[in-house]
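Please read these numbers as outputs of a predicted model, since none were measured by experiment. Just the heavy atoms: all of them, side chains too, but no hydrogens, waters or symmetry mates, feed the values below.
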Amino acid sequence: MGADKNTDILIAHGIRPTANRILVVRALLAADRPMSLTELEHKILTLDKSGIFRALTIFRDNHLVHVIEDGGGSARYELCTSDGEADDDLHVHFYCESCHRTFCIDNVPVPAVSLPRGYRPESVNYMFKGQCPECSGK
């Protein structure tokens with residue numbers, strides 16, 4: 001990658017690097033965990049919710065983000081680590097019911113599941129719920 005990692009990430013996924021898109025990629029990289037639209041809105045004060053959502057929609061369509069339903073009532077977005085059109089970086093997530101944050105558990109792969117004939121999965125959401133180490137220590 002070149003001098004600007006944010007721009008390089010967008011270009012590698014076939015996305016034109018605009019100022020707004022670079023801001024959203026930068027916020028997702030800095031977060032190091034899946035973020036909700038509201039969390040991103042609080043992080044990126046110079047961009048309104050519709051601008052952030054438009055960027056996330058383009059990112060999703062170009063396989064730059066995963067959309068995770070965390071069971072807490074909101075979708076969360078995380079950058080994909082795969083380079084292709086398939087999501088080969090499937091991993092477990094953990095939703096903390098105390099602090100309402102979602103964490104990637106990268107070293108635990110999603111187990112393979114054999115579905116009955118005729119079913120064609122589009123995505124997998126493997127979510128544990130409970131308390132994160134920070135909240136369970138309180």
Side-chain angles (χ1 to χ4, degrees):
M1 293 208 170
D4 185 356
K5 182 179 181 179
N6 304 310
T7 300
D8 290 343
I9 289 170
L10 291 167
I11 292 170
H13 283 84
I15 301 169
R16 187 169 54 90
T18 65
N20 290 351
R21 294 171 188 165
I22 291 169
L23 286 172
V24 176
V25 165
R26 184 179 299 142
L28 288 169
L29 279 171
D32 199 29
R33 67 177 181 84
M35 301 283 290
S36 70
L37 182 58
T38 302
E39 288 172 322
L40 286 167
E41 187 179 17
H42 287 109
K43 277 230 181 260
I44 309 170
L45 300 175
T46 58
L47 191 56
D48 66 11
K49 186 180 277 190
S50 64
I52 296 169
F53 186 75
R54 281 192 301 272
L56 291 170
T57 300
I58 290 168
F59 294 176
R60 186 194 66 228
D61 292 345
N62 287 278
H63 306 283
L64 178 56
V65 293
H66 296 294
V67 181
I68 303 159
E69 297 168 21
D70 66 10
S74 67
R76 301 203 182 252
Y77 302 86
E78 73 174 321
L79 289 177
C80 295
T81 58
S82 60
D83 292 329
E85 289 191 12
D87 292 336
D88 61 359
D89 61 340
L90 294 174
H91 54 271
V92 171
H93 294 90
F94 187 94
Y95 176 74
C96 180
E97 294 177 320
S98 294
C99 66
H100 308 290
R101 293 182 295 171
T102 301
F103 302 90
C104 295
I105 311 296
D106 292 320
N107 57 346
V108 179
V110 173
V113 175
S114 296
L115 294 174
R117 185 180 184 150
Y119 288 91
R120 196 177 91 217
E122 298 293 330
S123 66
V124 174
N125 186 8
Y126 202 80
M127 180 74 63
F128 282 92
K129 293 182 184 181
Q131 290 191 343
C132 70
E134 186 177 319
C135 291
S136 65
K138 291 181 179 177

List the steps and the verdict of side-chain contact (heavy atoms from CB on, under 4.5 Å) for Tyr77 and Val67.
CA-CA 5 Å; Tyr77 302 86; Val67 181; 3.7 Å; yes

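- With sequence neighbours left out, Arg120 forms a salt bridge (charged side-chain N to carboxylate O under 4.0 Å, His left out) with Glu122.
- Taking both residues in full, the closest heavy atoms of Glu78 and Cys104 are given as OE1-SG, 2.6 Å, listed atom of the first, atom of the second, then distance.
- Contact record, Cys80 with Val65: SG-C, 3.5 Å, taken as the closest heavy-atom pair.
- Remark: Arg76 engages Glu39, Asp70, Thr102 in a side chain to side chain donor-acceptor pair (under 3.5 Å) (not counting sequence neighbours).
- Under the 4.5 Å side-chain contact rule for hydrophobic residues, Leu37 and Phe59 share a cluster.
- Between Phe128 and Phe103, the closest side-chain pair of non-hydrogen atoms is not below 4.5 Å.
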Hey, mind stepping through His100 and Tyr95 against side-chain contact (heavy atoms from CB on, under 4.5 Å) and telling me if it holds?
CA-CA 7 Å; His100 308 290; Tyr95 176 74; 2.9 Å; yes

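- From Glu97, atom CD reaches atom SG of Cys135 across 11.0 Å, with rounding to the nearest 0.5 Å.
- Between the side chain of Arg21 and the backbone N or O of Arg16 there is at least one donor-acceptor pair closer than 3.5 Å.
- Counting only heavy atoms from C-beta outward, the side chains of Leu40 and Leu28 approach each other to under 4.5 Å.
- A continuous path of Ile, Leu, Val, Met, Phe, Trp and Tyr side chains, each step under 4.5 Å between heavy atoms, connects Tyr126 with Val108, placing both in one hydrophobic cluster.
- Taken to the nearest 0.5 Å, the CG atom of Asn6 stands 9.0 Å off from the CG atom of Leu23.
- Between Leu29 and Ile9 the shortest side-chain heavy-atom distance falls below 4.5 Å.
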Would Ile105 and Asn107 count as a side-chain contact (heavy atoms from CB on, under 4.5 Å) here? Give the steps.
CA-CA 6 Å; Ile105 311 296; Asn107 57 346; 3.6 Å; yes

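- The side chain to side chain donor-acceptor pair (under 3.5 Å) search around Asp48 returns Ser50, not counting sequence neighbours.
- Looking at every heavy atom in both residues, Cys96 comes nearest to Cys132 through SG-N, 3.3 Å.
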Candidate pair Glu134 and Cys99, rule side-chain contact (heavy atoms from CB on, under 4.5 Å), full reasoning:
CA-CA 9 Å; Glu134 186 177 319; Cys99 66; over 6 Å; no

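- Here Thr7 pairs with Asp4 under the side chain to side chain donor-acceptor pair (under 3.5 Å) rule; sequence neighbours left out.
- Under the side chain to side chain donor-acceptor pair (under 3.5 Å) criterion, Ser98 pairs with Gln131, sequence neighbours left out.
- A heavy-atom distance below 4.5 Å is not found between the side chains of Ile44 and Arg26.
- Partners of Glu41 under the side-chain contact (heavy atoms from CB on, under 4.5 Å) rule, at least two apart in sequence or in another chain, are Lys49, Ile52.
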